[in-house]
Amino acid sequence: MTINTANPEPEPVPFLLLLPLGETLRRIPQVLLGLVFFGVGIAFMVNGDLGLGPWDVFHKAVAARTGLSIGTVIIGTGLLVVLLFVPLREQLGLGTILNAFVIGLSADAALSVLEAPSAFAGRLAFTLAGPVVIALGSGLYIGGGLGPGPRDGVMTGLSKRGIAVWKARTGIEMTVLAVGLLLGGSVGIGTIWFTFGIGPMVQWFLPRLER
C-alpha cells in the first residue's frame, strides 16, 4: 500500500496554550503591563471626549443602555468574544483570561483618578495619545506570548489565514463601529484616528516586543 505524503494533514493546534511554570511567571509582568496600558489608553480617550475607538463606541453605548460602567461592559464583552476562538482554532491562554478582566478593571480605575481636561488642547492630547498607548499595550501583551486577548485573538486568528494584521484589525474595528452606532453610540475625530491608526501601530510594535 502506498501512503501519500505529498500533502500531509496539518497537526491539530491545542486549544489551550500551556507553557512551563517558570516561563509563564517570567512573561506575566510584560502581559500585565500591556493590559494596564491598554486600559489607561481607553481612559485617555474617554476623558478626551472627542470620539472613542470602535470597540469602545460599542462598550459605551451598551454601558449607557444598561447603567453599567464601561469597564464592566469591556469585561463582559471580552468573555463573550472569546467564544470565537473555537471556530478560528485560536489558542486560549492565561493572557486571554487576564485580558478579559484586567483591561476593564484598569480602564475603570484610571477613569476614577484621571481628571478630564476642560481645554480643547488637553482633550486633543488625550485623544491622540490614547491609541498610541493602546497599541503599545497590545504589542506588550500579545508579544508576551501567553495567548492573545479575546478581541486580538480574532485578529491573530484571521492573520493566520493570510490576512495582514492591519487589514484584519481595521476590518474588525469597522464592523464593531457599525454595531455601536446602531446601539446609539457616537463618533468623533478620535474614532477616525483610532480606526485607521491602530492597525499599523500594532503591526509596528508587535515584532519589537515579541518574546
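These numbers come from a predicted model, not from an experiment. Count residues from 1 along the sequence. Just so you know, these numbers use all the heavy atoms, side chains as well, and skip hydrogens, waters and symmetry mates.
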Discussion item. Using a 3.5 Å distance criterion without hydrogens, assess whether the side chain of Thr191 forms a donor-acceptor pair with backbone atoms of Leu52.
Written reply: yes

Discussion item. Strictly by ring-ring contact (aromatic ring centres under 6.0 Å, His included), give each pair with a member in residues 23-44 just once, sequence neighbours left out.
Written reply: Phe44-Phe126

Discussion item. Please determine whether residues Leu80 and Val154 belong to a single hydrophobic cluster, defined as Ile, Leu, Val, Met, Phe, Trp and Tyr linked transitively by side-chain heavy-atom distances below 4.5 Å.
Written reply: no

Worksheet item: Leu124 versus Ile189: any side-chain heavy-atom pair under 4.5 Å?
Response: yes

Practice prompt. Name all residues meeting the salt bridge (Lys or Arg N to Asp or Glu O under 4.0 Å) criterion together with Arg26; count only those two or more places apart in sequence or in a different chain, and write none if there are none.
Written response: Glu23

Worksheet item: Any idea how Trp55 and Phe58 line up, ring-wise: parallel (<30°), tilted (30 to 60°), or perpendicular (>60°)?
Response: perpendicular

Worksheet item: Mind checking whether Val57 and Ser186 have side chains closer than 4.5 Å, heavy atoms only?
Response: no

Worksheet item: Heavy-atom distance under 4.5 Å between the side chains of Met45 and Pro131, does that happen here?
Response: yes

Worksheet item: Under a 4.5 Å cut-off applied to non-hydrogen side-chain atoms, are Thr77 and Val62 in contact?
Response: no

Discussion item. Between Ile28 and Leu94, is there a side-chain heavy-atom distance shorter than 4.5 Å?
Written reply: yes

Worksheet item: Rounded to the nearest 0.5 Å, what separation is found between the CZ atom of Phe101 and the CD1 atom of Ile75?
Response: 6.5 Å

Worksheet item: Would you call Leu111 and Asn47 a side-chain contact if the rule is heavy atoms closer than 4.5 Å?
Response: yes

